[in-house]
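Scroll down for the structure; my scribbles are underneath it.
Letters A, B, ... mirror the listed sequences (proteins, then strands); counts begin at 1.
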There are 2 protein chains.
Amino acid sequence: MPTLQDVAERAGVSLSAASRALSRDQKPVAAEKRERVLAAARALGYSANPLAQGLSTRQTGLVSIIVNHIGDLSDLDLFDILIGRLQDVGKQASIVRLGSVKSARDFLRGSISYHVDAALIFSDFIGPRQARDFFRTNHVIMLNGRQDSQSLSVQPDDAPGIQQAVENAARHQVETATLITGRESSELEKQRIAFYRTALARYGILVSTQLHGDYSYASGVTAARQIDPRHYTDAIFCTSDAMAMGVLDVLRDREDGIIPGRMRLYGFDNLSLTDLHSYPISSIGFDKRDYVEQVVSLLVDPAQARKGPRHLGVPTRFYGRQTG
Amino acid sequence: MPTLQDVAERAGVSLSAASRALSRDQKPVAAEKRERVLAAARALGYSANPLAQGLSTRQTGLVSIIVNHIGDLSDLDLFDILIGRLQDVGKQASIVRLGSVKSARDFLRGSISYHVDAALIFSDFIGPRQARDFFRTNHVIMLNGRQDSQSLSVQPDDAPGIQQAVENAARHQVETATLITGRESSELEKQRIAFYRTALARYGILVSTQLHGDYSYASGVTAARQIDPRHYTDAIFCTSDAMAMGVLDVLRDREDGIIPGRMRLYGFDNLSLTDLHSYPISSIGFDKRDYVEQVVSLLVDPAQARKGPRHLGVPTRFYGRQTG
DNA sequence: TTGAAAGCGCTAACAG
DNA sequence: CTGTTAGCGCTTTCAA
């Protein structure tokens, strides 16, 4: 592998001149010299060693994405866009799956993830304080809904989407609703439930039942089976599309049937799976590209990020499909 | 951040002694000295800088996963297991999404991915020769079905699963079948189609039609709409589950109905989505954990890998569900 | 066993 | 603008 030294020699310049010529920011180099260096680099097939660069500059070009595990359907669409955009701005994505790790801190400390330019925290195992302790970079972006005054974060604003969904229900004469939620341990989920209840109350819709799941398809199936058919309800609001899918499949099997007409079903996340003909579930979600842009904006200009608003929001909206 | 220097000073030993004491392989150090070093490291909360280590050892602990894009449903289950196992063996996964990159080579050269311990090629944009050119490591594992005598690879063996699926069809008196395939530009797909045709011929099942899709749900829908209802067929074999899902949704809407009874439907990939009640599609697939173990086995012991068989296989099998 | 010292490849002060 | 030089933090000879 050719080194910068080789390039410098071939171009007949000093090491530092070569370094400056190849630097991505404008450094003082005679135009003619720069040309010779670039030519030499090209001829040799030179490419800088990022490890050596990182050792000097403390920048690795790596961004860690910290998740519990992947396969949560709701994340997939997002990650593809996110990783693509990271690459656009010259960053590499490294995925850390905390689910299979005993101690997150020890694991991270030993790995290159400790030295990333930024860490994007999706895992709800990690709070803002821990996150700062877990990474050498002070550039941590909380995306799990947890945050404090020091941290940076991007968060969907659930209120508008929920408001729109409930308004849609009201417009269709819904009078009583069932709420199927996820883990109430999460602050985010608590807040979300509050939004639903407020919006429903505003339109005079009665919450007849509230059931708990864990966001998964299976838990949606379980919850739906608990709904007493004699206990009338006009609409079911789920805090994840996966649960709504489970609910839909159970309701289809029941003789009293469902949609459209008898009952309305609303999901959450706006998964691309809801485009499948068998799961035409009305949902609530945010624009993924918009969200990713917010994240990237915090990433590309750390200084700016520290001055501007630290907590960015992305509005959700209602996506109507057959079930709502 | 404490450095090795700090640890050495605190322990009252030389830099190199500290290095040896902390090394993961057995290096000659007096037992008592080692203890002091370890204690000092613990006290200081020391953790080695992987960049500096990498600069010396040329090992980064990073493994690149090269894909076209993520979101191909068939990969998701696999990646979760893969990333988890990589972490188990002390490697970090970095995902490179080629879809959004103009020149793969230039992109990789400039990034830390060029210096990874190993590269796992899922993207079918890259052949074995290019792969060797694209990474500094000679440790490239082809997982896209492309390979040559020099490369390492892991590949599902499609034959047994296809054989079993066709046998299942034959046992249920299937006499004519429709084949819905993906891009025939791929060698892998060509071979797969050959397996289907051979197996079908063996049982005297006639292939009445062959249609082309691109593995996606949408293309399955399109293909299914092209099937002439008057043109009788007992079974449809799709080379992806996503296409089979599209087919199923179209057939459901048709008055002549489908499954069970009239027609059998077989997918490919054994997606976890086929566990959804609405898509109970019989499929063909391999054991994901088994597959990942093969990959990891090539990874952990490079020397061994170079001696043993370079091309590892994982058998597929038939997974019966409602449609088959 | 041990420690001094020479790198690994690059960047950034610093003095011209 | 330029070249010299001192690191970045760690591993690994090499003599002792």
Could you go through residues 80-87 of chain A and list every donor-acceptor pair under 3.5 Å that involves a side-chain atom there, pairing it with any protein atom two or more places apart or in another chain?
from: Asp80(A); atom 1: OD1; to: Ile70(B); atom 2: N; distance (Å): 2.8
from: Asp80(A); atom 1: OD1; to: Arg97(B); atom 2: NE; distance (Å): 2.7
from: Asp80(A); atom 1: OD2; to: Arg97(B); atom 2: NE; distance (Å): 3.4
from: Asp80(A); atom 1: OD2; to: Arg97(B); atom 2: NH2; distance (Å): 3.0
from: Arg85(A); atom 1: NE; to: Glu293(A); atom 2: OE2; distance (Å): 2.7
from: Arg85(A); atom 1: NH1; to: Asp88(A); atom 2: OD2; distance (Å): 3.3
from: Arg85(A); atom 1: NH2; to: Glu293(A); atom 2: OE1; distance (Å): 3.0
from: Gln87(A); atom 1: OE1; to: Arg97(B); atom 2: N; distance (Å): 2.7
from: Gln87(A); atom 1: NE2; to: Arg97(B); atom 2: O; distance (Å): 2.7

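- Residues that satisfy the ring-ring contact (aromatic ring centres under 6.0 Å, His included) test with Phe286(B), not counting sequence neighbours, are Tyr291(B).
- If you take CG of Leu4(A) and C1' of dG9(C), they are 8 Å apart, rounded to a whole angstrom.
- Distance Leu51(A) CG to dC8(C) C1': 10 Å, rounded to the nearest Å.
- Rounded to whole Å, atom C1' of dG7(C) lies 13 Å from atom CD of Gln5(A).
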Tabulate protein N/O versus nucleotide N/O from nucleotides 12-16 of chain D, keeping only pairs under 3.5 Å, one per line.
from: dT12(D); atom 1: OP2; to: Lys27(B); atom 2: NZ; distance (Å): 3.0

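- Distances from the side chain of Asn49(B) to the nucleotides dC10(C), dG9(D), dT2(D) place dG9(D) closest.
- As a whole-Å value, the separation of Leu55(A) CG from dA12(C) C1' is 13 Å.
- Following rounding to the nearest Å, Met1(A) (CE) and dC8(C) (C1') show an atom-to-atom distance of 13 Å.
- Between Leu22(A) atom CG and dC10(C) atom P the separation is 9 Å, expressed in whole Å.
- Here dT2(C) is the nucleotide among dC1(D), dT2(C), dC10(C) with the atom lying nearest to any side-chain atom of Lys33(B).
- At a threshold of 4.5 Å between non-hydrogen side-chain atoms, the residues Arg132(A) and Asp148(A) count as touching.
- Comparing dC10(C), dG3(C), dT2(C) by their closest approach to the side chain of Ala48(A) singles out dC10(C).
- With rounding to whole Å, Gln59(B) atom CD is found 13 Å from dT11(D) atom C1'.
- The side chain of Ser14(A) contributes an N or O atom lying less than 4.0 Å from OP1 or OP2 of dG3(D).
- Note on Arg58(B): every side-chain N or O is 4.0 Å or more away from OP1 and OP2 of dT11(D).
- Residue pairs that meet the side-chain hydrogen bond (donor to acceptor under 3.5 Å, both in side chains) test with at least one member in residues 4-22 of chain A, sequence neighbours left out, are Ser14(A)-Ser16(A).
- The phosphate of dG9(D) (OP1 or OP2) has no side-chain N or O of Tyr114(A) nearer than 4.0 angstrom.
- Contacts of Asp133(B) classified as side chain to side chain contact (heavy atoms under 4.5 Å, CB included), with partners at least two apart in sequence or in another chain: Arg105(B), Arg109(B).
- By the side-chain hydrogen bond (donor to acceptor under 3.5 Å, both in side chains) test, Lys33(B) pairs with no residue at all, sequence neighbours left out.
- Within the 4.5 Å cutoff, the side chain of Gln92(B) has heavy atoms near those of the Val96(A) side chain.
- Between Gln53(B) atom CD and dG9(C) atom P the separation is 17 Å, expressed in whole Å.
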